[in-house]
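Accompanying notes for the structure given below.
Only this structure's heavy atoms are used, side chains among them; waters, hydrogens and symmetry mates stay out. Just so it is clear: chains get the letters A, B, ... in the order the sequence lines come, proteins before strands, and each one is counted from 1.
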4 protein chains.
Amino acid sequence: MTRGNTRQRIQDVALELFAEQGYEKTSLREIAENLEVTKAALYYHFKTKEDILISLFQDLTRPMDELIEWAQTQPHTLETKQEILRRYSEALASAAPLFRFIQENQATLRDLSIGETFKDRMLRMLDLIKEPEAALADQVRCLSALLTMHAGMFLLKDVEGDPEEKRLAVLEVAFDLVSQAHHVTR
Amino acid sequence: MTRGNTRQRIQDVALELFAEQGYEKTSLREIAENLEVTKAALYYHFKTKEDILISLFQDLTRPMDELIEWAQTQPHTLETKQEILRRYSEALASAAPLFRFIQENQATLRDLSIGETFKDRMLRMLDLIKEPEAALADQVRCLSALLTMHAGMFLLKDVEGDPEEKRLAVLEVAFDLVSQAHHVTR
Amino acid sequence: MTRGNTRQRIQDVALELFAEQGYEKTSLREIAENLEVTKAALYYHFKTKEDILISLFQDLTRPMDELIEWAQTQPHTLETKQEILRRYSEALASAAPLFRFIQENQATLRDLSIGETFKDRMLRMLDLIKEPEAALADQVRCLSALLTMHAGMFLLKDVEGDPEEKRLAVLEVAFDLVSQAHHVTR
Amino acid sequence: MTRGNTRQRIQDVALELFAEQGYEKTSLREIAENLEVTKAALYYHFKTKEDILISLFQDLTRPMDELIEWAQTQPHTLETKQEILRRYSEALASAAPLFRFIQENQATLRDLSIGETFKDRMLRMLDLIKEPEAALADQVRCLSALLTMHAGMFLLKDVEGDPEEKRLAVLEVAFDLVSQAHHVTR
DNA sequence: GATGAATGAGCCTTCATTCAT
DNA sequence: TATGAATGAAGGCTCATTCAT
């Protein structure tokens, strides 16, 4: 019946379960059962369990990578930074489950080939946002902005209010932090 | 020679390994081997693997609990908040491995009886730091302050500079955020 | 471009891999990958994995079977035996990979329908080479001659010298052994 | 009931099954079932499947190793060689199942850490038995002697006669071969 | 206070094979 | 002539846990 989309379905279910229970605690059996296929079928589409995860990263982080590439061609003005944060916030929102997963499974990611890749991206984002010779506290501010965007949405789950509103509040705080760190060095 | 302190040694090794590799990826065999005892010995001192973790939390988060208890008796002035953050920062620093662990193993903690306990503490801290009717963005600021303190130290690992200096920079940013959120509602 | 010869190519690759790694350790996936076809394609040409092996035997042991048939029509003189050994040695050399495979995968062959077939041939060879009522030691000599021819080439891999020279040395020893066993019973 | 000898029992059953069916075709489940324990119990006593095999080699080839060590201290006379063969034949007989296994599972052994070890031993035996500058055919004779001793017993299974008698016949042929190769170089 | 021995459940992975297209 | 997709069985291995000693 459902033909040709099994690979996609595996990714969907896997992401859902990975985000919900963590990578290690999600077994291939579980994924397979959810899809009503056998474990072996998963192996037709992906070489290993880690491969499923890798494919999710590759598919879902592309917007970020494109954003970074674009940003690297822009001048380091406050306006650019603001634009970067705005777009980053959107990219984050559209891949929320993956980023929830990332945030909650760092110990696992650390030694899952992908860890490095991800850390690199963070550092490149940081470079786009902070001034080259920023004081320590200002570096912290930029880091904090990033951190808040990443973790913010999930932590605000208990707080009342519409998700989009929350996203904007987070964005506002991030922008504040980056602005404070942006006293141009003359 | 090492008499009667096995329990303590188990905790030490366990914390080190949990923090380094994550909870799920650290097996009791590994802990036992590090201590040159048998797995069964661990079971003399702790009822389950989770129990080891619980004991670590109980022993290492007491300063935080005491801090919170004390803080709840104080007036919600900016000075108090500043004092809370200062003490919190110190408490955090003195139990750094545990908090690194917490930060990196959230997916695991979520369904490990302890998760709730920990989340509760975070929310109580938040209540101490934010104004009762704070605007959304100000709530985010306070959350961000907490977040930054928790994650900051580890993320700054790649950055140059003396640890104590970094801690103070983080504290400064946290204080800023909380101050901004503190425009007293009259 | 390679049209219609897939069957042959499968056999070639299979023999190579079987000889190199053993039958059990060579998977159909591996064979298929080497040929840049799918596993399913193998099943178009052969009913089972074992079938591939069987086909190799059938194709490569024909010279031996013909030799045996011819030999059975000859008188049991020493000259005949010498001739048999000479031809056997040549047949062996021209199907070296298969015989390397046989020699190294006996445990596997034992319960692979083919085992019997092969053992039968060995026994028939033995009958051609030894005297009907030979003493135990003389039977051993003939067995040893066969054995040496089979295993000899591979074992001499580490020894210096040109392959053809080695083959002749092996043949010489085999002939010696058979001669010693040939004190005609009157 | 049976206490403390499980390790030994595992080795016994494993050797029996390895020899009978081959290494790859013998599963740990099978071994465990034969012993009426769980697979996991095997892992208490041995780190891996290969480890079981290694332990068998270590325990059963000691006599050979001692023989070789002793032989290396002896003069290279024909008498010594005869003595070496005699003892080797006995050592072989007392570890027959292992050597049957070796002979029939060479493809497997080749890439099982142990392969090298075993090949080394063969080469050292060869060095003890052949003259340093022996002609190619004489080297083949010595190899053939070794080969015959190794494989002889199993191949003679179909032949009538008492096992000990067969062993002696094999030994006789081996001795003959080595003698022929021993025309002392003056 | 600790060990030796074992278990049951489960994990990731691989394999030969099938079948509709 | 082949492929794409899937299966069922099995394999080696690891884990937290138990319990008699």
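Along DNA chain F, the nucleotide nearest B:Lys47 and the nucleotide nearest D:Ala40 are compared for position; the residue whose nucleotide lies closer to the 5' end is D:Ala40. Between D:Arg7 and B:Ala41, the residue anchored closer to the 5' end of DNA chain E is B:Ala41, taking for each the nucleotide with the nearest heavy atom. Between B:Glu50 and A:Leu42, the residue anchored closer to the 5' end of DNA chain F is A:Leu42, taking for each the nucleotide with the nearest heavy atom.
Across the strands present, F:dG8 finds its partner in E:dC15; the criterion is a Watson-Crick or G-U wobble pair with both atom distances under 3.5 angstrom. The nucleotide E:dT21 finds its pairing partner in F:dA2, both defining distances of the Watson-Crick or G-U wobble pair being shorter than 3.5 Å.
Taking atom CG of residue B:Asn5 and atom C1' of nucleotide E:dG1, one finds them 12 Å apart after rounding to whole Å. The CZ atom of D:Phe46 sits 12 Å away from the P atom of E:dA5 (whole-angstrom rounding). Here E:dG10 presents its P atom at 14 Å from CD of A:Gln21, a figure rounded to the nearest Å. Taking atom NZ of residue A:Lys49 and atom P of nucleotide E:dG10, one finds them 15 Å apart after rounding to whole Å. The nearest whole Å value for the distance from the CD atom in A:Glu36 to the P atom in F:dT7 is 10 Å. Here F:dA16 presents its C1' atom at 13 Å from CG of B:Asp51, a figure rounded to the nearest Å. Distance B:Arg9 CZ to E:dA2 C1': 13 Å, rounded to the nearest Å. In this structure, NZ of C:Lys25 is placed 22 Å from P of F:dA10, rounded to the nearest angstrom.
When the side-chain nitrogen and oxygen atoms of D:Tyr43 are compared with OP1 and OP2 of F:dT14, none of them lie within a distance under 4.0 Å. Of the side-chain N and O atoms in D:Arg29, none sit less than 4.0 angstrom from OP1 or OP2 of F:dA10. Between A:Ser27 and the phosphate of E:dC11, there is a side-chain N or O to OP1/OP2 separation shorter than 4.0 Å. OP1 or OP2 of E:dA2 sits under 4.0 Å from a side-chain N or O of B:His45. Between E:dG1 and B:Tyr44, no contact under 4.0 Å exists linking OP1 or OP2 to a side-chain N or O. When the side-chain nitrogen and oxygen atoms of C:Thr48 are compared with OP1 and OP2 of E:dA16, none of them lie within a distance under 4.0 Å. In this structure, B:Thr6 does not reach the E:dG1 phosphate: none of its side-chain N or O atoms is under 4.0 Å from OP1 or OP2.
A 6.0 Å sphere centred on CD of A:Glu116 holds no more than 12 heavy atoms belonging to other residues, nucleotides or ligands. For D:Lys25, the NZ atom counts as densely surrounded, since its 6.0 Å shell holds more than 12 non-hydrogen atoms of other residues, nucleotides or ligands.
A:Lys39 contributes a side-chain N or O that forms a donor-acceptor pair with the base of E:dT13 under 3.5 Å.
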Tell me, with the steps shown, if A:Arg100 and A:Glu104 meet salt bridge (Lys or Arg N to Asp or Glu O under 4.0 Å).
CA-CA 6 Å; A:Arg100 179 184 170 197; A:Glu104 298 187 339; 3.7 Å; yes
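Note that CZ of C:Phe101 is 10.5 Å distant from CD of C:Gln106, once rounded to the nearest 0.5 Å.
The aromatic rings of D:Phe118 and D:His150 sit perpendicular to each other, their planes meeting at more than 60°, with 30° as the lower class boundary.
The backbone N or O of B:Phe154 sits nowhere less than 3.5 Å from a side-chain atom of B:Gln103 that would complete a donor-acceptor pair.
For A:Leu28, the side-chain atoms get nearest to E:dT13 when compared with the rest of F:dG4, E:dT13, E:dG4.
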